[in-house]
Amino acid sequence: MTTTSSSAPAPGRKVNRIGLELAAYRGGKSTLCAGCGHNAISERIVEACYEMGVESERVIKLSGIGCSSKSPAYFLGQAHGFNAVHGRMPSVATGATLANHRMLAMGVSGDGDTGAIGIGQFVHLMRRNVPMIYIVENNGCYGLTKGQLSPTADLGSTLKNGVVNDLPPVDLCALAMDLGASFVARSFSGDKKQMLSLLKAAIAHRGTAMLDILSPCVTFNDHEGSTKSYSYVKDHEEPLEEISFVPFFEEISIDYEPGTVRAVTLHDGSKLLLKKLAGDYDPGNKAMARRVIHESAARGEFPTGLIYVDPTRPDFLALLNLVDQPLAELPAGRTRPPREALDAINDALR
Amino acid sequence: MTTTSSSAPAPGRKVNRIGLELAAYRGGKSTLCAGCGHNAISERIVEACYEMGVESERVIKLSGIGCSSKSPAYFLGQAHGFNAVHGRMPSVATGATLANHRMLAMGVSGDGDTGAIGIGQFVHLMRRNVPMIYIVENNGCYGLTKGQLSPTADLGSTLKNGVVNDLPPVDLCALAMDLGASFVARSFSGDKKQMLSLLKAAIAHRGTAMLDILSPCVTFNDHEGSTKSYSYVKDHEEPLEEISFVPFFEEISIDYEPGTVRAVTLHDGSKLLLKKLAGDYDPGNKAMARRVIHESAARGEFPTGLIYVDPTRPDFLALLNLVDQPLAELPAGRTRPPREALDAINDALR
Amino acid sequence: MTSPSLASRGVTSGPAAFPVVNDFSIQVATVNGSGSQTANLVLLRSLFQSGVPVSGKNLFPSNIAGLPTWFTIRACRHGYVGRKKGTDILVAMNPETAHEDVLGLDPGAVVVYDEPLRLNALRDDLVFYAVPFDKLVAPVCPDAKLRKLVRNMIYDGVLAKLLGIELEEVDRALDRQLAKKPKALALNQAALRAGFDYAAANLEKRDPFVAERMQATSGRILVDGNAAAAIGAMMAGVTVVTWYPITPSSSLCETLATYMRRYRMDPETGKATFAVVQAEDELSALGMALGAGWMGARSMTATSGPGISLMAEFTGLGYYAEVPAVIFDVQRVGPSTGLPTRTAQGDILSTAFLSHGDTRHPMLLPSSPREIYEMAIAAFDLAERLQTPVFVMSDLDLGMNTWMSEPFPYPDAPMDRGKRLTPETLAALGEWGRYRDVDGDGIPYRTVAGDGLPPYFCRGSGHNDRAQYSERPGDYVANIDRIDRKFQHARTLVPPPVVERVEGARVGVIGYGTSHWAIVESRDQLREEAGLDTSYLRLRAFPFGPELEAFVAAHDRVYVVEQNRDGQMASLVTLDLDAALAPRVRRVLHYDGLPVDARTITDEILRQEAAAHQEARR
Amino acid sequence: MTSPSLASRGVTSGPAAFPVVNDFSIQVATVNGSGSQTANLVLLRSLFQSGVPVSGKNLFPSNIAGLPTWFTIRACRHGYVGRKKGTDILVAMNPETAHEDVLGLDPGAVVVYDEPLRLNALRDDLVFYAVPFDKLVAPVCPDAKLRKLVRNMIYDGVLAKLLGIELEEVDRALDRQLAKKPKALALNQAALRAGFDYAAANLEKRDPFVAERMQATSGRILVDGNAAAAIGAMMAGVTVVTWYPITPSSSLCETLATYMRRYRMDPETGKATFAVVQAEDELSALGMALGAGWMGARSMTATSGPGISLMAEFTGLGYYAEVPAVIFDVQRVGPSTGLPTRTAQGDILSTAFLSHGDTRHPMLLPSSPREIYEMAIAAFDLAERLQTPVFVMSDLDLGMNTWMSEPFPYPDAPMDRGKRLTPETLAALGEWGRYRDVDGDGIPYRTVAGDGLPPYFCRGSGHNDRAQYSERPGDYVANIDRIDRKFQHARTLVPPPVVERVEGARVGVIGYGTSHWAIVESRDQLREEAGLDTSYLRLRAFPFGPELEAFVAAHDRVYVVEQNRDGQMASLVTLDLDAALAPRVRRVLHYDGLPVDARTITDEILRQEAAAHQEARR
Ligand SMILES: Cc1ncc(C[n+]2csc(CCOP(=O)(O)OP(=O)(O)O)c2C)c(N)n1
Ligand SMILES: Cc1ncc(C[n+]2csc(CCOP(=O)(O)OP(=O)(O)O)c2C)c(N)n1
Ligand code: SF4
Ligand code: SF4
Ligand SMILES: [Mg+2]
Ligand SMILES: [Mg+2]
């Protein structure tokens, strides 16, 4: 949504369509644990923005509190960022998009930040279909407070100290979809290719793009018995389709047998090409998506990939009938009614 | 769950199995508007408790804030009640059941109280399957603050002032079921018989019994254009089954053709008899329930009746391995460890 | 609904004179949902149109229909518009409260009542006028279903006759109220006349109260404080309004939305230059406002006590990350749910220190519709200048009751959008640090996304002056000290108090917000009845300016008058003063949910004065 | 990590004597997640076992692994256990901070460092000991992956040799720490010895610091305040614990759960006499605690600043509906997220007035593990007696650092379950009203569901003394005044301050919580260095008892020492005193996130004293 003017790449260095090198998309040095899944996600965000030719100045990064919520500091150093309070990033992001609908808003949260304290704001953000990318870096635990169970921990998953989780997990994808999010996907921090395609597609989408990314906590939740460990997730992820993303500024150059690939055209004209794997999964079909999510969950699997998309549902800002210029940038002349207006108001009260 | 000792009814007056008249179950005079759906629900609660022979002293009534949340004052005058703060009844109820698991907890909330400010606590209560009856008196608006839209208002439903709702509704039944509630039903304040059976079944169930009861606000949301008006709901409710409830202390005396009725045995031995209507609806089948809810919603209908039940899922307290005596009633001798325990603790720290 | 000694009543202030002209209070006792609002406002407006200073206060229950409600109209030729203790004329329409209402009246009061209630049997020291409402309404309103609504207009007719209000003024007022509903208008006109005619034919004037035309209201408007705040916010150029319904603040945002739809649609495109969003709760409402403020929009929310409590965490974020937002707190009676439909000034202390850690927040203290209009505008300027959440502390009395007001003046000063970095400033500064104080006022320059200037990372965790994450003790102290410097600087930016020094007065009164109106009247009472001259300082903002200390220093005793139990503003005043002055601070508190009245203040100040003199004599 | 003038260092306090015995602080600079915790605790414990008074403070970053961390061990023969400003012995293991750490030392300090860092080149006024950690660890730990963890034990060996700590004590301490992990134990033993042997063979003692056996710790325990609070809560018979993780309070509930699983399982059935529930957030945590408290259970939650802010609304409900609950606030640095791993006493004012409307809440102010243990027990008694939420205001320094303590005494007093209605009381009272004050202390009798006594309807909205919904002004005032009476009565129930009056002292010090330890030391400094005698009042609770005013009245100036920017407790003190005493209250503030140290207090008091005398002379 904020991919703009391109310039010719300077010879000799590898640049994207707006003439920037990958490095221009990096952020500060990560202070997360070495090997943390969250770091891999930050890297993919950097790549996705680079490949899409996103202008950092037109991005805002938002987060709550947690290891995951620290990540916005580690990508896109040239974008404004807001590390808010625990669980409340959705409202801050909503307010920010209201103020300036031209920005590409990227929210990063954790499964505790979103699933526990923040589930209320999550519900309402999804329902509103606020235009933004909402990434949950899901490790089934509270990393920053040292590994307690979170609401996405699976039934029967164990903590390092042996405590067994006896509550069912909140399935953020099912929830987001049922509530009204128009782009719902799940991925795995270890699956670079899939995640990258999904992130680029999320950038091309207009509406809430919710990405639930399984992102193992190598310090507190990577042991045997955990269903969010790297190896467990790797063994149990079940891609729904093979995804390729073709940005609006490129031609489709992929060959495929007719009938084997479904193409989804996104808001900015980019295309997602979904090569069928098991069954004939259709991410435009909510009932099917619902069924597949719940059936795989019952089998202990995680379906990954694009779960649901509706490129046509109007986003929250579209419902508000706003002027084109961002509200935050309106000059006083357009926000302070003229003297006659106040006169009329006074007169009506006389 | 709290139906106990019976005594012989005194001759001449109509009493229930513990010798009480219906009047014994009433509460204070309602201060809600005449004709408010909430009043009808209070009446059914009175009847259900009377017919089940519930001991009021073993009931606790809880609520948040709203017209609906006032209702606990209008039934079961002999029970303790707690009118807490807006949207936070679930946590108060959870704490209360922790303290005394022998009580029958009845929570009453509104669609604003539950669906807006309280959705986070709702999610976690359902997930925990806290043993209680959770009634949402759902009128699609904020009655007490004069009629604003609530999150259960349907897409396209209009306010009295003509404002059209442009956000999709939160379906509390679908949500509760997906999250883990073990008894999920929908009813209508105008359907006395169905509501009464469902309430009695909820009393007999152990675990969270979530009842989403459409309860028109005659003052602010009963006009043409509203999809929560009395007439609209009456026209669009779609009973899933015909329900009869047989309490554990009575024999089944209903005649029915074999194969036409499904019987569900509840925690206390009571039975729900579900006479099939459209299709072969099975409230034990979550996938079917999910499908039916979403399909009817797409048609603009409200499926009513018992949507989902799992009498076997252990409730939250069962997971905690508590002593039999309520925690609140444990004597000091059982809650203060002996001197030797403290000595051992001190020694370990030396 | 109790009333005090005879001495306090209009009837006997000064030599008990007949007639008592333009100095009475009318209390209409009904049930809510019975449609008496129209009749009450028409009555109020008729007096107002006749040039008589008025105020209207609605005492309603926290439910929707069927419970007792009292509407009080005070007419006062002296211009006092605070609540008057005691009722002069009771219109007893509610059988449920009629007995108690009548028993609470002072001798000499007037009772207009529904004949079947036979209230005249209750006492013999009142003036009773029986009116057969049902009999009168039947012929004028053939549709029985509508009678409940039309019935009330009859007492307007009766009172017009009894008090001598010109019927044309009542007609005009009715016209204004129902212009858009011709059918209802006709019915009400008929009822009005039926009441008037009945009184003319059947009621003999036996009481002293009379309304006479004056010229004291010309040019004025009638408005409630929530509408005034809404108009102010609109004129301030607010663009993002996020809110959650709660009595008594809901009508602020609802009225604002209505005005905005009218006056803030882009003339060319018909599109909105604003967003009004009903949030899912107050946490979210403030979170949205802060998100918008961070992005450079003028944003606001409005709430009442419970919402303020829920906003505690986010307010701390706004304070520490330095994000502007305007929060209207239309105060009601706490703690907890308390009395949602009663008034108080009870959130002062908890708002001043809202949120954990070392925080404090600017508060504006409006006392009238005109002032809340102006302060709404000032609040947006201050929030952006100070880069922090700014609270406008209104209350139910101001927000929901009907006040006479000067019309709202057009804001001539340009908006102050605060210290926004520009390419020029950047060039002049050389290097920019988001949280660097470059000129000693504690206020740094900020950038916002989309402005093309350097970005920064906004956070509620520790940071240095370049907005980088930092846990260094020195960075923390430098930053939090600078924020405090900013707060101290705010003293010079907020509206100064209004000070009225009276030559020779040894006693001062300090007030704020709606307490003002009773204080004005009380000071006259003190002077006229007890010969006590008082100076007056009306606070208009926290933090305080230097005027406060000077005022206290100039008086032996200062009475801080406020509507809460704990002397919340008095506490802030005490903490702010040079400690040597602390003993001069006294408290006059009123907190029963009704607006404070002059008599209560007068009595209490005199009581404490007497004690002080006795003390001194010892 | 900066350090002050030489005068403040152990080395030169008194005539610069060699050796300096049992009076030094060791700072170990590492990165977190590097497993230095074991080595540090073993070192601490070795000194403790040698009878030397110690304290251990961990300065860690707000992340999980890889950032700089400093662990400070203070050994002090005088028994001072507060933080000492300045480091005597630096163990520089972290290349990232080593330079800055070394540059910040006072002349004469000791540096034990990793040889390749070549820190000795940085300064020539320090005593450097180079240790080739990697070379030493390789032979004792063949598994390269484990070396990172074992490496740290080497500095324990080096220090044991340099300081003269008996190796057996280090061995014993190591044994205690790793008894359950024999493999790790063996590796660490070897590393310990390698360090010791290396030092013996290669390092020539060139510094004055020496550890010698004393008898000052016998019978004592080593414990952190969160564990102590947990043990207290368990002994108080808590049954419902609801919490949400947050640094630095998480370990309180986690430790409590561990103890409960051990000591609170019913011996016969093996079932739990408690419920510990991790809530979804702090609003819910307090909501659950209140629900349980209402039902008659002893319930609690623990949190830190952000959680306190989120609990504002529910706290007001608890106050007004009169429901007991105990809330531990383990304070960290605010505002907002602030510095989550640094200490402060910054939530005092916002907690005292938490929630809108007129509210105020009892707070207990523990200064040591032993005291928080006892106050945990007292808090449950108080919450039930007062029927209101009671806050125990701990902080990160107390909660997460390691303290010497007297063992915890068994609570001999029976639990006070407060005024619970019984059939007998009911008979004696005749008629019961839930909110009726029958004996003047403001505390009514309550019933709970299941007790067979009359039920009532509990609510946060207005009610009369029979717990019926009421909007009547008189009912409201009577009720809220009674609640205030209850709060005043609390003054007599909460732990009184500890007062030490010094004959002839004109200056008083007021402190609370963990500031105590630096105050104790500072008072000695004031007396010994400046000849200034001070009296001392240590507050242990809010609301205050009469001792406070008497103390202030007896001194010319009182210095309220605390760890926040705004003088929060000083504000409460000022508001509570007879206003005439207000000018005597002075503030000594420290708020950089490190525990306050004696030197800071001493310097500041002397500065203000000098100013006061100069003022007086003018
Ligand atoms: C109001 C509040 N409560 C609690 C905390 C403490 N806290 C910080 S991060 C966190 C949980 C983070 O978990 P998650 O969102 O899953 O992120 P992760 O660290 O696992 O990436 C908690 C409870 C806080 N900062 N604020
Ligand atoms: C924290 C807080 N915010 C707002 C309110 C105001 N308020 C009272 S009831 C209510 C909505 C009630 O709606 P609902 O739950 O649907 O109940 P209904 O009145 O429709 O039965 C609101 C917003 C409040 N009491 N507390
Ligand atoms: S603790 Fe876990 S979630 Fe946090 S940074 Fe380390 S690996 Fe990542
Ligand atoms: S306003 Fe609506 S919800 Fe409230 S009592 Fe009246 S009808 Fe019921
Ligand atoms: Mg997590
Ligand atoms: Mg509702």
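Lettering of chains follows the sequences in order, A, B, ..., and the numbering in each one begins at 1.
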S.K.: A:His38 versus A:Asn139: any side-chain heavy-atom pair under 4.5 Å?
M.R.: yes

S.K.: Who among A:Ile345, A:Leu330, A:Ile60, A:Leu98 has the most heavy-atom pairs with chain C under 4.5 Å?
M.R.: A:Ile345

S.K.: Which atoms of C:Ala289 are under 4.5 Å from chain A, going by heavy atoms: the side chain, the backbone, both sets, or neither?
M.R.: neither

S.K.: Are any of the side-chain heavy atoms of C:Met295 and A:Leu327 separated by less than 4.5 Å?
M.R.: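 Result no, sub-4.5 Å side-chain heavy-atom pair not found.
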
S.K.: Examine whether an atom of C:Pro409 lies under 4.5 Å from a heavy atom of chain A, and if so say whether it belongs to the side chain, the backbone or both; otherwise answer neither.
M.R.: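 Contact with chain A involves the backbone of C:Pro409 alone.
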
S.K.: Decide yes or no for A:Cys36 and A:Glu137: does some side-chain heavy atom of the first lie under 4.5 Å from some side-chain heavy atom of the second?
M.R.: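 No, side chains not in contact.
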
S.K.: What part of C:Leu283 lies closer than 4.5 angstrom to a heavy atom of chain A: side chain, backbone, both or neither?
M.R.: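 Looking at C:Leu283, backbone and side chain both touch chain A.
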
S.K.: Which pair of heavy atoms, one from A:Leu342 and one from C:Phe408, lies closest together, and at what distance?
M.R.: CD2-O, 3.2 Å

S.K.: Please classify the contact of A:Leu320 with chain C as side chain, backbone, both or neither, using a heavy-atom distance under 4.5 Å.
M.R.: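 Backbone plus side chain of A:Leu320, per the 4.5 Å heavy-atom cut-off to chain C.
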
S.K.: Between C:Ala272, C:Gly237, C:Ala285, who has the most heavy-atom pairs with chain A when the cutoff is under 4.5 Å?
M.R.: C:Ala272

S.K.: Checking C:Phe274 against chain A: side chain, backbone, both or neither under 4.5 Å from a heavy atom?
M.R.: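 Just the backbone, heavy atoms under 4.5 Å.
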
S.K.: Any idea which of C:Val277, C:Leu286, C:Val223 has the most non-hydrogen atom pairs under 4.5 angstrom with chain A?
M.R.: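 Max contact count across the listed options: C:Val277.
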
S.K.: Between C:Leu222 and chain A, which part of the residue has a heavy atom less than 4.5 Å away: side chain, backbone, both or neither?
M.R.: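 Both parts, heavy atoms under 4.5 Å.
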
S.K.: Looking at chain A, which one of C:Gly450, C:Gly460, C:Ala467 has the largest number of heavy-atom pairs inside 4.5 Å, strictly under?
M.R.: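 The residue among C:Gly450, C:Gly460, C:Ala467 with the greatest pair count is C:Gly450.
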
S.K.: Give each N or O donor-acceptor pair spanning chain A and chain C at a distance under 3.5 Å, with atom names and distance to 0.1 Å, or state none.
M.R.:
residue	atom	partner	partner atom	Å
A:His80	NE2	C:Ala449	N	3.4
A:Gly81	N	C:Tyr456	O	3.3
A:Gly81	O	C:Cys458	N	2.8
A:Asn83	N	C:Cys458	O	2.8
A:Arg128	NH1	C:Glu280	OE1	3.1
A:Arg128	NH2	C:Gln278	O	3.4
A:Arg128	NH2	C:Glu280	OE1	2.9
A:Asn321	O	C:Ala272	N	2.9
A:Val323	N	C:Ala272	O	2.9
A:Arg334	NH2	C:Asp266	OD1	3.2
A:Thr335	O	C:Arg264	NE	3.4
A:Thr335	O	C:Arg264	NH1	2.9
A:Arg336	NE	C:Met235	O	2.6
A:Arg336	NH1	C:Ala413	O	3.1
A:Arg336	NH2	C:Met235	O	3.3
A:Pro337	O	C:Tyr410	OH	2.8
A:Arg339	NH2	C:Asp412	OD1	2.8
A:Asn346	OD1	C:Phe408	N	2.9
A:Asn346	ND2	C:Phe408	O	2.9
A:Ala348	O	C:Arg176	NH2	2.7
A:Leu349	O	C:Leu222	N	3.0
A:Arg350	O	C:Arg45	NH1	2.9
A:Arg350	O	C:Arg176	NH1	2.7
A:Arg350	O	C:Arg176	NH2	3.0
A:Arg350	NH1	C:Gly219	O	3.0

S.K.: With a 4.5 angstrom heavy-atom cut-off, could you sort out which part of C:Val448 is near chain A: side chain, backbone, both or neither?
M.R.: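 Just the backbone, heavy atoms under 4.5 Å.
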
S.K.: Which one wins on heavy-atom pair count under 4.5 Å against chain C: A:Pro338, A:Pro90, A:Pro326, A:Ala348?
M.R.: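 Ranked by contacts with chain C, first place is A:Pro338.
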
S.K.: Can you check side-chain contact (heavy atoms from CB on, under 4.5 Å) on A:Leu32 and A:Thr219, steps first, answer last?
M.R.: CA-CA 10 Å; A:Leu32 302 178; A:Thr219 302; over 6 Å; no

S.K.: To the closest 0.5 Å, what do you measure between CZ (C:Phe48) and CD1 (C:Ile221)?
M.R.: 8.0 Å

S.K.: Distance check, rounded to the nearest 0.5 Å: A:Ser182 atom OG versus A:Met177 atom CE?
M.R.: 12.5 Å

S.K.: So how far is it from A:Arg44 CZ to A:Phe75 CZ, rounded to the nearest 0.5 Å?
M.R.: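 The CZ atom of A:Arg44 sits 13.0 Å away from the CZ atom of A:Phe75.
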
S.K.: Less than 4.5 Å apart, any side-chain heavy atom of C:Val323 and any of C:Cys458?
M.R.: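 C:Val323 vs C:Cys458: side chains touch.
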
S.K.: Quick check for you: among C:Pro411, C:Ala321, C:Gly452, C:Ala279, which has the greatest number of heavy-atom pairs under 4.5 Å with chain A?
M.R.: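 Of C:Pro411, C:Ala321, C:Gly452, C:Ala279, C:Pro411 has the most heavy-atom pairs under 4.5 Å with chain A.
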
S.K.: Please name all residues satisfying side chain to side chain contact (heavy atoms under 4.5 Å, CB included) with A:Ala24, sequence neighbours left out, ordered by chain then number.
M.R.: A:Leu20

S.K.: Counting only heavy atoms closer than 4.5 Å, note whether A:Ala79 contacts chain C via side chain, backbone, both or neither.
M.R.: backbone

S.K.: Does any heavy atom of chain C fall under 4.5 Å from the side chain of A:Pro72, the backbone, both, or neither of them?
M.R.: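 Answer is both: backbone and side chain atoms of A:Pro72 are under 4.5 Å from chain C.
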
S.K.: Would you name the heavy atoms of A:Ala84 and A:Val92 that are closest together and state the gap between them?
M.R.: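 Distance-wise, the nearest heavy atoms are CB-CG2, 4.0 Å.
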
S.K.: For C:Met265, is it the side chain, the backbone, both, or neither that has a heavy atom closer than 4.5 Å to a heavy atom of chain A?
M.R.: side chain

S.K.: How about C:Leu252 and C:Met300: do any of their side-chain heavy atoms sit closer than 4.5 Å?
M.R.: yes

S.K.: By a 4.5 Å heavy-atom criterion (distance strictly below it), what part of A:Ile65 contacts chain C: side chain, backbone, both, or neither?
M.R.: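 No part of A:Ile65 comes within 4.5 Å of chain C.
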
S.K.: Using non-hydrogen atoms only, which part of A:Ala93 is less than 4.5 Å away from chain C: side chain, backbone, both, or neither?
M.R.: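 For A:Ala93, neither part sits under 4.5 Å from chain C.
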
